[in-house]
Structures are given as C-alpha cells and as structure tokens.
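The block underneath contains the structure these notes are about, expressed in structure tokens.
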Amino acid sequence: MGDRVFTNLTRLAGIFVLVLMAAIGAFLVWKAIPAFRDNTGNFFTTQEWFPDASPPFFGIAALAFGTAISSVVAMVIAVPVAIGTALFIGFYASRRIATSLGFIIDVLAAVPSIIYGLWGLQVLMLHMDGITKWLNDYLGFIPLFRNEIGIYTKSIFIASVVLAIMILPTISALSREVFLQVPRSHREASLALGATRWEMIRMAVIPFGRPGVISATMLGLGRALGETIAVALILSAAFEINWHITEPSGNTFAANIALKWNEAGPIGLSALIASGLILFIITLVVNMIARAIIAKHKEFSGANG
Amino acid sequence: MKIARSTKVAAFAAAGALALVGCSSDSGSSSESPAAGGGQIGGADCATGTIKASGSSAQKNAMTEWINAYQTACEGATIEYSPSGSSAGRADFINNQVAFAGSDSAMEGDELQQAAARCDATPPINIPMVGGAIALTYNLEGVDNLVLTPDVTAKIFNNEITNWNDPALAEVNPEVSLPDAPIAQFHRSDGSGTTDNFTQWMAATAPDAWPYEPGSDWTAKGGQGSKGSDGVAASVKSTPNSIGYVELSFVETQGLKAASVDNGGGPVAPNADTATAGLASAKVTPNPDAGEGDLTMEIDYAVQDSAAYPVLLLTYEIVCQSGNAADTLPLTQSFLTYTASTEGQSMLSGIGYVPLPGELETQVADAVNSLS
C-alpha cells in the first residue's frame with residue numbers, strides 16, 4: 001500500500017515537471033505569435049531589432065551570434081581553469097589548502113550576478129586594455145582579436161571573461177565531486193604499477209570522470225547562455241554580427257530581453273518573448289546533447305564496474 | 001519565552017484587525033469627505049486611502065519626493081509608485097491595476113481605446129506633470145564650455161564626426177582648443193524615453209545628419225551602449241574624451257560637465273531656468289482620440305532663443321477623465337492637485353527636474369480638477 005502511494009507520488013512529481021515544461025513552451029509560443037505574424041524581416045537572418053517600428057522589422061541573428069560567441073569564449077577560458085582547480089584540490093593540495101580553496105570556490109558560486117556585472121563594468125573593464133591591446137598587436141592577424149576602431153571597452157571579450165568567472169565555480173565544484181568518486185583501488189593500482197601522479201590522473205581519473213566533467217561543463221554553458229544582468233551591464237548592445245570580439249559590440253538573448261522589456265510596445269514584447277522561445281529551445285538542445293554524450297561515454301568508460 | 005511569543009502573536013493579530021477596520025472605514029469616508037484628514041498641501045485638501053501607480057522610471061525621484069511630502073502632510077494617505085517603465089505602466093493602467101500611470105510619452109492610438117474600458121467607456125487623458133532637460137555630458141580634460149549644434153551632435157552620434165579635432169567642432173567652438181583624440185560616444189542600451197526625446201530633437205533640428213526614425217530604442221550604428229542613465233553617466237565619467245546624453249539631474253549628482261546647445265539662437269547652458277523657458281514654447285495639442293481636456297503636448301525642439309534650452313523631455317500622468325473608482329478618485333485628485341501646484345512643481349528644480357511653465361501649470365490644475 002505504502003509502496004503504491006509512494007510510486008504514484010513520484011510519478012506525479014515527474015509528470016508535473018513535464019507539464020510545467022510544456023506549459024512554459026506553450027506560453028512562449030502563444031505570446032510570440034503576434035511577433036511572427038507581423039514581422040517583415042526574416043526572424044532568423046535579420047540582424048536589426050525594430051519590432052515597434054511600423055512595419056515591424058527584426059530578427060535574432062545578432063542575438064544568437066552574441067549569445068553563442070560570448071558563451072563559447074567563456075567556456076574556452078573557464079573549462080581548463082576549472083578542471084585544473086578541481087584536480088589541484090583533489091590530488092595535489094594539502095588537506096588544509098584543499099578544504100579552504102573548495103570553500104572559497106563554493107562561495108564564488110553564491111555571489112549574485114549583478115555583483116559580477118558591476119564589478120566587470122566598473123573594475124575589470126578599466127584594467128582590460130592591456131590584454132586586449134596585446135591580443136590586437138600580436139594576434140591581430142586572427143580576425144577574432146583584431147580591433148579596428150581603437151576602443152576596447154564594453155566588448156564581448158570582457159563579457160566573456162566575467163561569464164568565465166561566473167561559471168568557473170559551477171564546473172569546478174562538480175568536477176571536484178566527480179574526481180573524488182574515482183575508486184581508491186583504481187588510483188592505487190596505477191600508482192602501484194609505477195605511474196607518476198600525472199599519469200595516474202591521465203589514465204585513471206580523467207577517463208572515469210569524463211562524463212561528469214562534460215555534464216558539469218554543460219551546466220556551466222547553460223548558465224553562460226542564460227546569464228542576463230551581468231551581460232546587459234557590460235555589453236554595448238549593438239544589433240550586428242561583429243567577429244572582432246574586443247570591440248564594443250554584441251548582445252545576447254537574455255540581455256536584450258532585460259534591456260528592452262520596460263519600454264517595449266505590444267509587438268516589441270511579443271518579439272522579446274519570441275527570442276526567449278529560441279533561447280529556451282537552444283538550452284533544451286544543449287542539455288539534450290550533454291545527456292547524449294554522457295550516456296554514450298558511460299558504456300565505454302568501464303567506470304561502472 | 002513561550003509566553004512572550006504568544007503575546008507577540010496576539011498583538012500582531014490585533015494590529016491586523018485594526019488595520020482591516022481602518023481600511024474599510026477609510027474607503028467609505030474618503031469618498032464622502034475628502035478633507036477628512038483636515039490637512040492641506042499645496043492648495044489641495046488632504047484625502048485618505050491607498051492608491052497605486054506605476055510607470056516611467058524617469059519620474060521616479062520626483063514621485064518619491066512628492067509622495068513623501070504628501071504622506072507627511074496628510075495622515076492616512078498611502079501612495080505607491082513603482083517605476084517599472086512607461087510601457088509597463090500604461091499596460092497596468094489598461095488592466096485596471098493602478099489609479100494612474102506615469103509615462104514618458106502621451107498615450108495614443110489603440111491604447112486609448114483599450115483603456116476606455118476601465119474608465120466608464122470614455123478614453124483617459126494625458127496630463128503633463130514632470131518636465132526635464134537632457135544634457136549632453138562630456139569628459140574632456142581642460143574643456144569646460146563646449147558648445148554643440150544639432151548638426152554637430154547628430155554627426156557625433158551617427159559616427160560621422162569621430163575625432164574631437166574635427167573642423168565642424170572647431171567651427172562652433174572657436175575659443176576652445178579641442179584635443180586630437182577619438183570620440184568615445186555613449187548612448188542608452190536599454191529602451192528609454194530619454195533616447196526618444198533626444199532623437200526627436202535631432203530628427204527635428206538636423207534631419208540631414210540624423211536620418212533615423214526617433215524612438216525609445218537606439219537605432220544608429222557604432223558608439224557604445226550603457227544600461228540606464230546612471231550607466232551612461234558612469235561610462236562618461238570613467239572614459240576620457242567621451243560624450244553621452246543623460247537627464248540633467250545626473251550631471252548635477254555625478255559632477256559631470258554639460259555642453260551648451262546652440263539651436264541657432266546662441267549657445268544655451270542646460271539648467272532649470274533655461275529648460276522651463278524651453279518648455280514654455282511647447283504647445284498643447286489635444287489628441288481627439290483621448291478624453292476631453294487631454295493635454296498632450298508638442299515640444300518645440302527647434303526653438304531658437306538665447307534663453308531657452310531645446311533638448312527637453314516631458315512626462316505625463318495618464319488618468320481616467322471620468323469613471324474613476326470611487327475609492328481612488330479623492331486621493332488621486334488631491335495628490336495630482338498637489339503635484340501640479342506651484343509648491344509641488346518648485347520642489348522639482350532641486351532634484352534635477354524642470355518645473356512646468358506657469359501658464360501650463362494652470363491648465364494642468366484645471367484638468368486635474370475636472371477628473372470625476
């Protein structure tokens with residue numbers, strides 16, 4: 001009897017989550033219809049955003065680009081540092097240092113994003129000229145790092161650095177937990193076979209932890225994709241695709257919604273919800289890919305034995 | 001310990017009960033006798049009760065001061081203003097969630113029809129209440145009296161003039177030595193009534209240099225966007241050789257420099273006096289779709305007068321002309337009478353806003369008086 005009640009309760013909880021997701025999706029679609037109906041631009045390829053003009057003319061190309069590139073650059077910066085930190089805490093640091101470092105990283109995850117945004121805007125941005133100018137001077141042959149206008153503030157690069165710091169604790173804390181799950185016998189066996197500590201990490205720890213690290217990375221990516229206020233404060237909010245990430249430019253789905261919501265007209269609101277729908281779908285897809293990768297790796301890692 | 005807690009609960013419950021009683025008697029009595037409190041403020045008899053309002057964030061500081069002054073003078077009155085943005089305020093008004101809405105632009109078109117449903121089937125009216133000036137603030141070391149014309153301003157913000165040593169700038173600033181430095185131009189990245197009025201001024205006075213449709217979203221390419229007037233002010237302050245546009249109050253509170261604007265009648269520095277003189281040239285252009293007594297204004301952005309500052313903004317309160325709910329009308333009317341009074345308006349210049357010119361003040365008072 002108790003068993004059956006509990007089974008049904010858990011099933012109900014599961015169904016509730018599904019219904020909730022479906023309801024959010026349906027709400028977004030319903031509210032987005034007027035924008036799709038009246039838009040005279042191409043929703044996917046137009047870079048401009050004039051939903052309240054008559055006729056409305058807007059698209060998400062610039063938003064999708066800005067969201068993707070700021071998140072990718074943030075991942076490139078954050079993932080190596082986060083995994084390095086996790087390995088240091090798990091296998092190199094003394095117990096005392098490991099405990100306090102782990103604690104500090106957890107605290108970093110609890111800092112509200114508005115604080116990161118204000119810090120990025122008022123502190124970090126004033127000290128980024130050195131590195132961005134260096135990138136332009138020495139790596140300027142790569143379009144990504146070239147700066148053609150000589151102004152280095154309010155750029156996607158600065159937003160990415162702040163995003164990287166914001167997602168670092170998420171990735172690091174989860175990776176650390178995963179690495180600590182590596183069976184003691186695996187580690188001791190490789191050490192006993194004469195492996196150095198680095199070889200032990202490479203051969204026993206990383207293969208075991210890979211699915212966990214990937215899911216941690218994807219969680220971090222999810223946060224980077226959806227981060228709103230910090231990005232809204234830092235970016236210059238231009239509706240154009242600009243590959244020069246150290247120039248003031250860029251906009252993301254979430255930041256654009258935060259910036260435009262208050263003064264948007266009826267179609268403007270609908271257009272913002274339509275862009276939110278796309279972000280919702282992107283986040284879903286990212287998470288599904290992450291799940292798929294984890295499922296695939298689990299079978300071959302041999303870690304379950 | 002336990003005893004102490006239960007007493008506290010009892011006291012709390014009692015207070016709650018009193019508050020409930022207070023509420024019900026308030027709404028009954030206030031509609032009959034607005035002078036229940038007995039007090040007066042700015043020529044308005046105090047009313048009691050609670051009203052909610054929302055909208056324009058540009059009005060926030062003015063509303064905060066007014067509400068404080070009103071509630072201090074009038075016991076039993078509670079006014080809540082949430083600065084959620086003009087569009088949100090107008091939507092709240094249409095949905096009958098607020099007694100009045102603050103808006104950076106007059107309500108027009110479909111929204112008037114939608115709002116009529118809550119106003120006893122008559123469209124609401126726009127009442128100008130809070131005036132302001134938009135300052136062109138700049139950060140140039142050693143330069144304290146920059147002059148800008150509409151044409152030069154539009155070219156700077158449209159990235160046609162990109163260096164401070166541009167001949168066009170030198171021409172309007174013959175006595176100033178401007179540096180050879182790129183101009184860091186800042187605009188608002190969020191939707192804003194300030195952007196709307198600023199672009200309207202450029203579109204009206206320099207249509208060749210500013211080809212874009214005016215609106216609350218920034219449409220030109222280039223430059224840098226910052227969130228909010230505080231963001232633009234902070235950016236200009238921390239960036240050498242920069243320029244941006246903010247409400248006058250930010251120039252005063254942040255210790256920034258503001259350019260004089262030459263519309264053709266000579267350079268005019270922005271301050272409360274020159275801006276009020278500028279607002280005096282605004283014309284009342286009642287919207288035929290709005291309720292009777294509508295005071296939609298048309299600002300004369302092209303005003304040429306050596307004493308009138310032309311880059312102005314005017315924000316409105318949107319109220320039902322008739323069909324106001326019986327429990328909100330007395331307080332709405334009394335509060336707006338106060339804000340439109342000379343006493344209420346004169347408070348504005350101290351906090352970076354611009355008082356309405358005398359003649360308009362009278363028209364506004366009449367409009368508020370006619371609410372029913």
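In what follows, every chain begins at residue 1, and chains take the letters A, B, ... in the order their sequences are listed. The figures here come from the full heavy-atom set of this structure, side chains too, leaving out hydrogens, waters and symmetry mates.
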Heavy-atom cut-off 4.5 Å, strictly under: side chain, backbone, both or neither for [X] against chain A?
X        : answer
B:Ser86  : both
B:Ser235 : side chain
B:Gln224 : both

ask   = Taking everything shown except B:Gln97 itself, do over 12 heavy atoms lie less than 6.0 Å from its CD?
value =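 Yes, because the 6.0 Å sphere around CD of B:Gln97 holds more than 12 heavy atoms from other groups.
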request  = With a 4.5 Å cut-off on heavy-atom pairs, point out which of A:Met125, A:Glu247, A:Gln122, A:Lys154 contacts chain B the most.
outcome  =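 Looking at each of A:Met125, A:Glu247, A:Gln122, A:Lys154 in turn, A:Lys154 comes out on top.
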inquiry  = Would you say that A:Thr228 contacts A:Ile257 through its side chain, given a criterion of any heavy-atom pair below 4.5 Å between the two side chains?
reply    =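 The answer is no, as the side chains (C-beta and beyond) never meet within the 4.5 Å cut-off.
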query = So, do A:Arg146 and A:Thr246 sit near enough that their side-chain heavy atoms are less than 4.5 Å apart?
reply =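 A:Arg146 does not reach A:Thr246 side chain to side chain.
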Less than 4.5 Å to any heavy atom of chain B: does that hold for the side chain of [X], its backbone, both, or neither?
X        : answer
A:Ala264 : backbone
A:Leu118 : neither
A:Leu121 : neither
A:Thr153 : both
A:Phe239 : backbone
A:Glu48  : side chain

message = Using modelled atom types and a 3.5 Å cut-off, is there a donor and acceptor pairing between side-chain atoms of A:Asn287 and backbone atoms of A:Thr283?
response =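 Yes, the answer is positive, given that a donor and an acceptor are paired below the 3.5 Å cut-off.
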inquiry  = side-chain contact (heavy atoms from CB on, under 4.5 Å) for A:Leu139 and A:Trp134? Distances and angles first, verdict last.
reply    = CA-CA 8 Å; A:Leu139 297 172; A:Trp134 185 89; 4.1 Å; yes
Which of B:Gly225, B:Ala234, B:Gly85 touches chain A most, by non-hydrogen pairs under 4.5 Å =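 Option with the top pair count is B:Gly225.
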Best-contacting candidate, B:Gly231, B:Pro182, B:Gly228, B:Ser226, against chain A by heavy atom pairs under 4.5 angstrom =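 Option with the top pair count is B:Ser226.
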inquiry  = I'd like to know if the side chain of B:Glu247 pairs up with that of B:Thr194 as donor and acceptor (distance under 3.5 Å, no hydrogens or angles considered).
reply    =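 There is such a pair between these side chains.
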inquiry  = Quiz question: by atom type and distance under 3.5 Å, do the side chains of B:Tyr245 and B:Thr195 form a donor-acceptor pair?
reply    =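 Note: B:Tyr245 and B:Thr195 side chains meet the donor-acceptor criterion.
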request  = Go through the steps to decide whether B:Asn287 and B:Thr296 satisfy the test side-chain hydrogen bond (donor to acceptor under 3.5 Å, both in side chains), and finish with yes or no.
outcome  = CA-CA 6 Å; B:Asn287 184 341; B:Thr296 300; 5.1 Å; no
